[in-house]
Amino acid sequence: MAKPRIPTVKGTRDFYPENMALRRWLYEHMRAVAEAFGYQEYDGPFLEPLELYAAKSGEELVKEQAFVFPDRSGDLITLRPELTPSLARMVAQRQKQLPLPLRWWSFGPFWRYERPQRGRGREFFQWNVDMVGVATPEGDAELAAIGAAFFRRVGLRPEQVRILVNNRRLMDAQLEALGIPPEQRKAVFRLIDRKDKMRADAWEAYAAEIGLSPAQIQGLYALFERHDLWETSDELRRFFAAADALGVRDYIRYEPTIIRGLDYYTGTVFEARDHEGRFRAILGGGRYDNLVAAVGGEPVPGVGFAMGDMVITLVLEAYGLKPDLPQTPAQVLVTVFDADRLLDSLRLAQRLRAAGLRVSTYPQPAKLGKQFKYANRMGIPVVAVLGPDELAQGQVTLKHMGTGQQVQVPLDAAAAQVRAWLAPETPGGAA
RNA sequence: GUGGCCGUAGCUCAAUCGGCAGAGCACCUGACUGUGGAUCAGGUGGUUGGGGGUUCAAGUCCCCUCGGCCACCCCA
C-alpha cells in the first residue's frame with residue numbers, strides 16, 4: 001500500500017480541503033478588515049527580476065534567502081520573497097497618475113530559502129497592507145488599527161495579542177543623548193532588536209563588542225524601562241491619540257525594545273506578539289519614507305505591515321480560536337437506492353440545485369447504510385432517500401442528520417423542507 | 001548556512017541486553033437485505049523515512065542521505 005511517494009518540496013505545504021478552508025477563512029477576514037478601511041486589493045507578479053531586490057533590499061535577503069534561478073535566456077528570476085519592492089515599482093511606474101494617498105492590500109504566496117521550523121516555511125502566504133503618500137502619525141496609527149481590527153474580528157483579545165510600538169527617530173535621539181555616534185546606531189539598533197533573544201551576559205558582551213561603554217550599556221537598560229518614553233515624542237503622542245480615536249488603544253503598547261530588523265524603516269515601527277511570548281512576531285511593519293525612490297521614482301512616504309499565515313494560525317490554535325469549518329459545501333446528499341433508480345436520484349439532485357441548494361449525489365448504488373455513513377463523515381446535514389416506496393408516490397424521504405428527524409414529502413416540497421431545516425444556520429443558502 | 005533532538009501501520013504510540021514488528025483509534029466486512037454516530041465480532045494494513053556498514057541476527061549499534069522539530073541566522 002505504501003508506495004514510494006514523491007515528497008513535497010522542503011518547507012512547502014499541501015493544502016487539503018480543511019487547510020484550504022482555513023486559508024480562505026483568513027483571506028475573507030483580511031479582505032473584510034482591509035475593505036472596511038477603504039483599502040483596494042492588488043497583487044504583483046510572483047516572479048520578479050533579481051535586480052528588483054538587489055536595488056534596495058539587504059544583501060542577505062537576495063543572496064541567501066531568495067529562490068533565484070536562470071530562465072532559458074539566462075536572466076536571473078526570483079520567486080518574490082516580499083511584496084514591498086513590487087509595490088514600490090508599481091507606484092513609481094504610475095506615480096503621476098495614481099491618486100495619493102493610495103491604500104492597497106494583498107494576500108498571496110511568498111518564498112524564502114530558509115530553514116523551516118514551526119511557524120516558518122519556505123513557501124507561505126502573507127497579508128500586506130500599505131498606505132503610500134502620507135507621512136503622518138495618524139497614518140501610522142491607521143495601519144496599526146487595521147492589524148488590531150483583524151485581531152478583534154477573529155476573536156483575539158488585547159490580553160492575548162498586543163501590537164508593540166516604537167519609533168526610530170525617538171530612539172535615534174535617545175542614542176544621541178547617550179553619546180552613541182550616528183555611525184554606530186545601526187549596530188546598536190541590531191543590538192536592541194536582540195535584547196530579548198539573548199541571555200543578559202551574552203547580550204552585554206555583544207554590546208561591549210560593538211564598542212559601547214559600560215555607562216552606555218547601563219543607559220540602554222534604563223531606556224528599556226522607560227515605558228513612558230513615548231510621551232516625549234510628538235509623533236508617538238499623536239500616534240496614540242489617533243489609535244485611541246480609532247478605538248484600538250487597548251491593543252497597542254509602547255515598547256522601547258521594538259526596533260525591527262529592516263534597515264529601511266525610518267520612523268514608527270511595530271510588531272504584534274502573543275502575550276505569553278510563545279510565538280514569533282505575528283505581524284511586523286513600520287514607516288518607510290524613502291522606498292519608492294530606490295526603484296527610480298521620486299521619494300514618496302509609506303507605511304505598511306505584513307502578516308504571515310503560519311504564525312497567526314498557530315496563535316489562533318493556541319487560544320482555541322481556530323474555527324471548525326464545514327468540510328463540504330454540500331447541504332444535501334441524494335442517495336442512490338439501486339441501479340434502476342440512479343437516474344431518478346440524479347434528477348432529484350438537479351431539481352434541488354435548480355432550487356438553489358448545494359447538492360451532491362452518492363456516485364453509485366450502494367447499501368443505504370454506507371451512504372448515510374458517507375454523509376455523516378462528510379458533514380452533509382441532510383440526506384435524501386429515493387426508493388421504490390417514495391417513487392411510487394412521487395415523494396422523497398428527507399433525514400436531518402443532526403436531529404435524526406425524518407419526513408416524507410412530495411418531490412416539489414423537498415427544497416422548502418431542506419431550507420426550513422437549514423434556515424437558522426445557513427440563511428444565505430439560496431442562490 | 002551552523003549546532004542539537006527525533007523519524008515504527010492512515011493517526012497517536014509501544015517493542016527489555018541486538019533475538020518472530022505490536023496496541024489503541026481509523027478503515028473494510030458482518031451482527032443489521034431501506035438509515036449515519038453507539039456496541040460487539042472478524043479482517044485489511046509495515047521494505048521500521050531512504051541507502052550503506054557491523055553482526056549468526058539490526059526498529060535497536062555505526063556512517064551517509066532525506067524529512068520534521070528546536071536553537072542560531074533571519075524575519076522583507
Side-chain angles (χ1 to χ4, degrees), chain A residues 1-13 16 48 52-53 55-66 78 80-88 110-122 124 126 128 130 190 193-194 197-199 202 206 259-265 269 271 273 278-286 288 291 294 304-308 310-311 314 333 335-338 341 362 365-391 396-406 408:
Chain A
M1 203 63 163
K3 297 267 165 54
R5 281 174 305 200
I6 298 172
T8 54
V9 171
K10 181 172 180 167
T12 65
R13 295 163 290 168
Y16 287 86
E48 290 280 15
L52 179 67
Y53 306 102
K56 76 150 208 49
S57 304
E59 296 285 297
E60 173 110 18
L61 168 65
V62 176
K63 284 187 179 162
E64 293 176 22
Q65 294 191 357
T78 304
R80 62 179 189 183
E82 61 164 327
L83 190 58
T84 313
S86 305
L87 168 66
F110 294 87
W111 295 266
R112 290 183 208 163
Y113 198 84
E114 289 189 292
R115 189 86 170 244
Q117 302 174 22
R118 192 168 183 76
R120 191 172 75 183
R122 287 184 172 182
F124 54 94
Q126 193 166 271
N128 282 268
D130 288 273
R190 219 177 145 70
D193 191 45
R194 294 199 201 175
K197 298 172 185 170
M198 299 174 72
R199 289 203 321 274
Y206 180 43
I259 209 75
R260 302 296 298 160
L262 272 183
D263 292 342
Y264 61 61
Y265 288 128
V269 289
E271 66 183 51
R273 308 296 300 249
R278 287 168 59 195
F279 304 101
R280 61 187 80 239
I282 303 164
L283 66 79
Y288 46 85
L291 196 65
F305 70 85
M307 182 173 92
M310 299 181 80
V311 175
L314 292 173
L333 176 74
T335 57
V336 174
F337 192 84
D338 57 28
R341 294 164 180 85
Y362 203 80
K367 292 174 64 170
L368 279 181
K370 193 170 178 178
Q371 301 186 54
F372 271 86
K373 191 166 185 171
Y374 177 75
N376 195 50
R377 285 293 307 275
M378 293 298 291
I380 302 174
V382 175
V383 173
V385 178
L386 206 53
D389 300 345
E390 289 86 354
L391 282 166
V396 58
T397 295
L398 297 173
K399 178 167 182 174
H400 189 276
M401 299 295 278
T403 62
Q405 192 184 354
Q406 184 165 313
Q408 189 169 321

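Note on naming: letters A, B, ... go to the chains in the order of the sequence lines (proteins, then strands), and numbering restarts at 1 for each one.
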Trainee: Look at the side chain of A:Pro116 and decide which nucleotide, out of B:G36, B:U35, B:G68, has an atom nearest to it.
Mentor: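 Nearest nucleotide to the side chain: B:G68.
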Trainee: Between A:Tyr265 and A:Tyr288, how do the two ring planes meet: parallel, tilted or perpendicular, split at 30° and 60°?
Mentor: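 It falls in the tilted class, 30° to 60°.
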Trainee: Under 4.0 Å between any heavy atoms, over every strand shown, what does A:Gly404 touch: base, sugar-phosphate, or nothing? Just pick one.
Mentor: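 Base contact - A:Gly404 has a heavy atom under 4.0 Å of at least one base atom.
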Trainee: Could you measure between the two C1' atoms, the one in B:G46 and the one in B:C27, and give it in whole Å?
Mentor: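 Straight-line distance between the two C1' atoms is 16 Å.
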Trainee: Nearest-Å distance, OH (A:Tyr16) to P (B:G10)?
Mentor: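 A:Tyr16 atom OH is separated from B:G10 atom P by 12 Å.
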Trainee: Between B:U60 and B:A21, how many Å separate the two P atoms, rounded to a whole number?
Mentor: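 These two P atoms come out 13 Å apart once rounded.
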Trainee: Who does B:U48 pair with, Watson-Crick or G-U, both distances under 3.5 Å?
Mentor: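 Base partner found: none.
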Trainee: Could you pick out which residue, A:Ala306 or A:Gln117, lies toward the 5' side of RNA chain B when each is mapped onto its nearest nucleotide?
Mentor: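 The 5'-side residue here is A:Gln117.
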Trainee: C1' atom, B:G4 versus B:A15: distance in rounded Å?
Mentor: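 Between the two C1' atoms, the distance is 26 Å.
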Trainee: Please determine, for B:G42, whether a Watson-Crick or G-U wobble partner exists with both distances under 3.5 Å, and give it or none.
Mentor: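 The base-pairing partner of B:G42, which may sit in any strand shown, is B:C28.
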Trainee: Within this structure, what is the CG-to-C1' distance between A:Leu314 and B:G68, rounded to whole angstrom?
Mentor: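 The answer, rounded to whole Å, is 14 Å.
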Trainee: Below 3.5 Å, does any donor atom in the side chain of A:Glu390 face an acceptor in the base of B:G34, or the other way round?
Mentor: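 Result: at least one qualifying N/O pair found.
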Trainee: What integer number of Å spans the C1' atoms of B:C17 and B:C13?
Mentor: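 Per the computed distance, 23 Å lies between those C1' atoms.
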Trainee: Given B:G68, B:C69, B:G36, which nucleotide is nearest the side-chain atoms of A:Lys10?
Mentor: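 Out of B:G68, B:C69, B:G36, the nucleotide with an atom closest to A:Lys10's side chain is B:G68.
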Trainee: Quick one: pull up CG in A:Leu83 and CG in A:Asn128 and give me the separation to the nearest 0.5 Å.
Mentor: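 Here the interatomic distance stands at 4.5 Å.
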Trainee: To the nearest 0.5 Å, how far apart are CE in A:Met401 and CD in A:Gln406?
Mentor: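 Answer rounded to 0.5 Å: 10.0 Å.
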Trainee: Using the C1' atom as the reference point in each nucleotide, state the distance between B:U48 and B:G18 in Å, no decimals.
Mentor: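 My reading of the C1' atoms in B:U48 and B:G18 gives 15 Å.
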Trainee: Please report the interatomic distance CD1(A:Ile259) to CD(A:Glu271), rounded to the nearest 0.5 Å.
Mentor: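 A:Ile259 atom CD1 to A:Glu271 atom CD measures 10.5 Å (nearest 0.5 Å).
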Trainee: Verify the neighbour count for atom OH of A:Tyr206: are there more than 12 heavy atoms of other residues, nucleotides or ligands below 6.0 Å?
Mentor: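 Yes.
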Trainee: Whole-Å distance between B:G1 C1' and A:Arg122 CZ?
Mentor: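 Those two atoms, CZ and C1', are 10 Å apart.
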Trainee: Starting from the C-alpha separation in whole Å, work towards a yes-or-no answer on side chain to side chain contact (heavy atoms under 4.5 Å, CB included) for A:Arg122 and A:Tyr113.
Mentor: CA-CA 6 Å; A:Arg122 287 184 172 182; A:Tyr113 198 84; 3.3 Å; yes
Trainee: Can you give one letter per nucleotide of nucleotides 26-32 of chain B, 5' to 3': B if a protein heavy atom sits under 4.0 Å from the base, S if only from the sugar-phosphate, - if neither?
Mentor: -SSSS--
Trainee: Both distances under 3.5 Å, Watson-Crick or G-U wobble: report the partner of B:U12, or none.
Mentor: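 Its partner is B:A23 (Watson-Crick or G-U wobble, both distances under 3.5 Å).
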Trainee: With sequence neighbours excluded, what pairs up with A:Arg280 under the salt bridge (charged side-chain N to carboxylate O under 4.0 Å, His left out) test?
Mentor: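 None.
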Trainee: Under a 3.5 Å cut-off for both distances, is B:G1 Watson-Crick or wobble paired, and to whom?
Mentor: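 Paired with B:G1, as far as the under-3.5 Å criterion goes, is B:C72.
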Trainee: Any side-chain heavy-atom pair from A:Lys399 and A:Phe372 closer than 4.5 angstrom?
Mentor: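 Yes, side chains in contact.
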Trainee: Partner of B:G34 by Watson-Crick or G-U wobble geometry, both contacts under 3.5 Å, or none?
Mentor: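 With both distances under 3.5 Å required, B:G34 matches none.
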Trainee: At under 4.0 Å between heavy atoms, what does A:Arg194 touch on the DNA or RNA strands: base, sugar-phosphate, or nothing?
Mentor: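 Sugar-phosphate: the residue A:Arg194, judged by heavy atoms under 4.0 Å, touches backbone atoms but no base.
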Trainee: Any base atoms under 4.0 Å from A:Gly11, or only sugar-phosphate, or nothing? Heavy atoms, all strands.
Mentor: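 Sugar-phosphate contact only - A:Gly11 comes under 4.0 Å of backbone atoms but never of a base.
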Trainee: Quick one: pull up OG1 in A:Thr397 and CZ in A:Phe337 and give me the separation to the nearest 0.5 Å.
Mentor: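 Output value for this atom pair is 10.5 Å.
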Trainee: If we take the C1' atom in both B:C20 and B:C56, what is their distance in whole Å?
Mentor: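 The same atom, C1', in both gives a distance of 16 Å.
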Trainee: What is the distance, rounded to the nearest whole Å, between atom CD of A:Gln408 and atom C1' of B:G34?
Mentor: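 Checked: the CD to C1' distance equals 11 Å.
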Trainee: Whole angstroms only, please: what is the CD-C1' distance between A:Gln126 and B:C75?
Mentor: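 Distance, rounded to whole Å: 9 Å.
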Trainee: Apply salt bridge (charged side-chain N to carboxylate O under 4.0 Å, His left out) to A:Asp338 and list each qualifying residue two or more places apart in sequence or on a separate chain.
Mentor: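 With sequence neighbours excluded, A:Asp338 shows a salt bridge (charged side-chain N to carboxylate O under 4.0 Å, His left out) to A:Arg341, given in chain and number order.
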Trainee: Could you tell me the separation between the OH atom of A:Tyr206 and the C1' atom of B:C73, rounded to a whole number of Å?
Mentor: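 Spelled out: OH on A:Tyr206 to C1' on B:C73 is 11 Å.
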Trainee: What does B:G67 pair with, Watson-Crick or G-U, if both distances are under 3.5 Å?
Mentor: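 WC or wobble partner is B:C6.
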Trainee: Could you tell me how far apart A:Gln65 (CD) and B:C72 (P) are, to the nearest whole angstrom?
Mentor: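 It is 15 Å, rounded to the nearest whole Å.
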Trainee: Find the partner of B:A57: check Watson-Crick (N1-N3 plus N6-O4 or O6-N4) and G-U wobble (N1-O2, O6-N3) distances, both under 3.5 Å, and reply none if neither fits.
Mentor: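 Pairing partner, where one exists within any strand: none, as none qualifies.
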Trainee: Within the modelled atom types, does a donor on one side and an acceptor on the other bring the side chain of A:Arg115 and the base of B:G3 under 3.5 Å apart?
Mentor: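 Flag set: donor-acceptor pair detected.
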Trainee: Taking atom P of B:G36 as reference, at what distance in whole Å does atom NZ of A:Lys399 sit?
Mentor: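 Rounded to the whole Å, the gap is 7 Å.
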Trainee: Can you work out whether A:Gln405 or A:Gly119 has the more 5'-proximal nearest nucleotide on RNA chain B?
Mentor: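 The residue closer to the strand's 5' end, by nearest nucleotide, is A:Gln405.
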Trainee: B:U2 and B:G59: how far apart are their P atoms, nearest whole angstrom?
Mentor: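 Each nucleotide's P atom is 31 Å from the other's.
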Trainee: Roughly how many Å apart are B:G52 and B:U16, using the P atom of each and rounding to a whole number?
Mentor: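 It comes out at 25 Å once rounded to the nearest Å.
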Trainee: Using a 4.0 Å heavy-atom cut-off across all strands, classify A:Phe337 as base, sugar-phosphate, or nothing.
Mentor: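 If one applies the 4.0 Å heavy-atom cut-off, A:Phe337 turns out to touch a base.
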Trainee: Could one point to a donor on the side chain of A:Gln371 or the base of B:U35 with an acceptor on the other under 3.5 Å away?
Mentor: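 Under the 3.5 Å cut-off, the side chain and the base do not form any donor-acceptor pair.
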